[in-house]
There are 2 protein chains.
Amino acid sequence: MSYTIKDVAKHANVSIATVSRVLNGQGGYSKATEDKVHLAIKELGYQPNAFARGLISNKSNTIGILFPEVSSQFSSKILRGVEEAAHRLDSSVIVCNTASHGQRTMKYLQLLTEKRIDGILFVSEMITEEYYKKIESMQVPVVLISTESYQYPLPYVKVDDKHAAFTATDYLVKMGHSKIGMISGNKDDIIAGQPRIDGFKQALAQRGLAIKDENIIHSNGFSFNDGFTGLRRLLEQSPDLTALFAASDALALGAISAAYKLGIKIPENLSIIGYDNLPIAEMAIPPLTTVAQPLEEMGIVAAEMLFTMMNQGRRVESRIMSHSVIERESVKKVNLT
Amino acid sequence: MSYTIKDVAKHANVSIATVSRVLNGQGGYSKATEDKVHLAIKELGYQPNAFARGLISNKSNTIGILFPEVSSQFSSKILRGVEEAAHRLDSSVIVCNTASHGQRTMKYLQLLTEKRIDGILFVSEMITEEYYKKIESMQVPVVLISTESYQYPLPYVKVDDKHAAFTATDYLVKMGHSKIGMISGNKDDIIAGQPRIDGFKQALAQRGLAIKDENIIHSNGFSFNDGFTGLRRLLEQSPDLTALFAASDALALGAISAAYKLGIKIPENLSIIGYDNLPIAEMAIPPLTTVAQPLEEMGIVAAEMLFTMMNQGRRVESRIMSHSVIERESVKKVNLT
DNA sequence: TTGTATGCGTTATCAC
DNA sequence: GTGATAACGCATACAA
């Protein structure tokens, strides 16, 4: 197979202990032997074996990250950030696509345990009791991304959904709109669903605007199709809306598409603000004004939190990342009445 | 730390050999001991240690995949497929973002070697001599995705770029267009650049249409921005084009955006066909007609190829995946003159 | 400054 | 059917 320190030792005429020492740069050897060893390593093309190292150190230099769906722009951006942070610390990242499926998630956790990964990142999903117990038994640090747990003491990094939704809605109001609708995600989603609805309502209330149920459409999810069908339904209920807050960029894009079919001009006839600031927001026609979540940075921050937990063994504070509205061209300023 | 088979053995009053046997379901033990062992495993919450197993088997049940950029819809889709196939075989996948950077790529390969991954997937990038030597020394199967190597005998899975570009262009011709332009990627890219240009030209030639240099814009890449600026440049050179083949969906979306700014209606004034069929194609306004690559399936197929190489140790045939045009609304049928 | 020996958790080869 | 025990490749405590 491949060479071991034993081979290197023989080749360099030293003991394996010495080889191990120079390999880890621990000092305690002469320059001469160091050179000898390095030479032998090079000549043989020796490659350290992470299995053997891991067996001793009980560390894998690998972290695991679980997504409900890896192939979304949302996930990709986070993954990009995580990967970057991990790479800086010579760590690898294993991706897991849970498909929001309990059994599948548990299987991943099992695999990750056996591989003795150093930490876990959990994205966008609720932590069930089953997950938590498993995680706890793994004795490994965990950080939540874009979700949080009310029942279990797990650190997280996310934006304040309610606040961000408030900001989005308030932006619409500031631009002169008073008849504002919303297409929300699933309202049973206590992280990304209800809080954004609450933020929306609170912004209206604070400005003294009426909150009407027929101005809100509750979708099943946050997808393009949800937005597409959502807009039709919304406009049937409330034809006179002048502005719309979509709880995700995908929803917003779907709404824009539906508007296009319906002959409704954006932003002339209807202003739309999204949520997320995915790459697609910029590509939309018109370019989508939206509330940005710093996804890539969230990935970096979460990974860094994980590493400090791993390496320094200390607890870490959750982080609320700041959001901001990115003004593009889907919202029109309107004269206040 | 965590329990070992030794603990389990003691707990069940058997030897570690027996524990190992039932753990691997090898038979050669009585039902009674089997139950005893299973019970002990459960009671202790024993977790096998992949390090120890790997040390013996020299297998990690992990594969590595290298992308120039993980956070693109293109990469995500492939990753999704790979992940799916790997999961079915209880394998994990480590993602690496090379940023098309030689040194970074080499470092990843180094990490993957040390971790004794079972196979490598290489996406969208040229294999340099340096990479190939490293890969060869790793003694591990490799499959290329959406790229191929003319110098090294590495199996790949991709679509036929030239053919697909031909198909796209020919579709435009069949729809009645004769003044057709192209925004290509980098023409120095011998995989996704030049071949698509060749396919474009060949389709025109076959139909007896003139091939004019000013009808082709060579971008630096395949991005939205390249398409955005590309369309302006193209139209300056050739104002009377009625149709456009964009060598990627991102290019196409950029072109659509530019057209929107320019007051050019798609498809009334200009028909556009893209390449890739990413999710964004469907979200475009108008929805983009495009040549589809089955990205997710390519990921699955490539991973499966890798696994048969790994497990059966035999060589494997490269796969040309079939493409198809997805008709949406960005191409208008025109009367033949 | 260097070498010897032990153990990390498993699997596998022997014996019994 | 079952149990010792020797690897696997490395790090490290202890000797020298």
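Numbers restart at 1 for each chain; the letters A, B, ... are given by sequence-line order, proteins then strands. Everything quoted here is computed from the prediction, not taken from an experiment.
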Is A:Tyr46 touching bases, backbone alone, or none of the nucleic acid, heavy atoms closer than 4.0 Å?
sugar-phosphate

If you look at every strand shown and take non-hydrogen atoms under 4.0 Å, does B:Asn58 touch a base, only sugar-phosphate, or nothing?
nothing

On DNA chain D, compare the nucleotides closest to B:Arg21 and B:Leu55; which residue's is nearer the 5' end?
B:Arg21

Name the nucleic acid region contacted by B:Thr33, choosing base, sugar-phosphate or nothing; use a 4.0 angstrom heavy-atom cut-off, strictly under.
sugar-phosphate

Is B:Gln47 close enough to C:dG9 that one of its side-chain N or O atoms is under 4.0 Å from OP1 or OP2 there?
no

Need one value for A:Glu114: base, sugar-phosphate or nothing, where a base atom within 4.0 Å counts as base even if backbone is also close, heavy atoms only.
nothing

Among D:dA4, C:dT10, C:dG3, the nucleotide that comes nearest once only the side chain of A:Thr18 is considered:
C:dG3

Closer than 4.0 angstrom, basic N to acidic O: yes or no for B:Glu148 and B:Arg319?
no

Residue B:Ala17, side-chain heavy atoms: nucleotide from D:dA4, C:dG7, C:dT4 that is nearest:
D:dA4

Tell me what B:Glu34 touches on the nucleic acid: a base, only sugar-phosphate, or nothing, going by heavy atoms under 4.0 Å.
nothing

Is B:Ser20 touching bases, backbone alone, or none of the nucleic acid, heavy atoms closer than 4.0 Å?
base

C:dG9 base to A:Arg116 side chain: any donor-acceptor pair below 3.5 Å?
no

Just to be sure I understand the rule, does A:Val19 reach a base, reach only the sugar-phosphate, or reach nothing, if contact means heavy atoms closer than 4.0 Å?
nothing

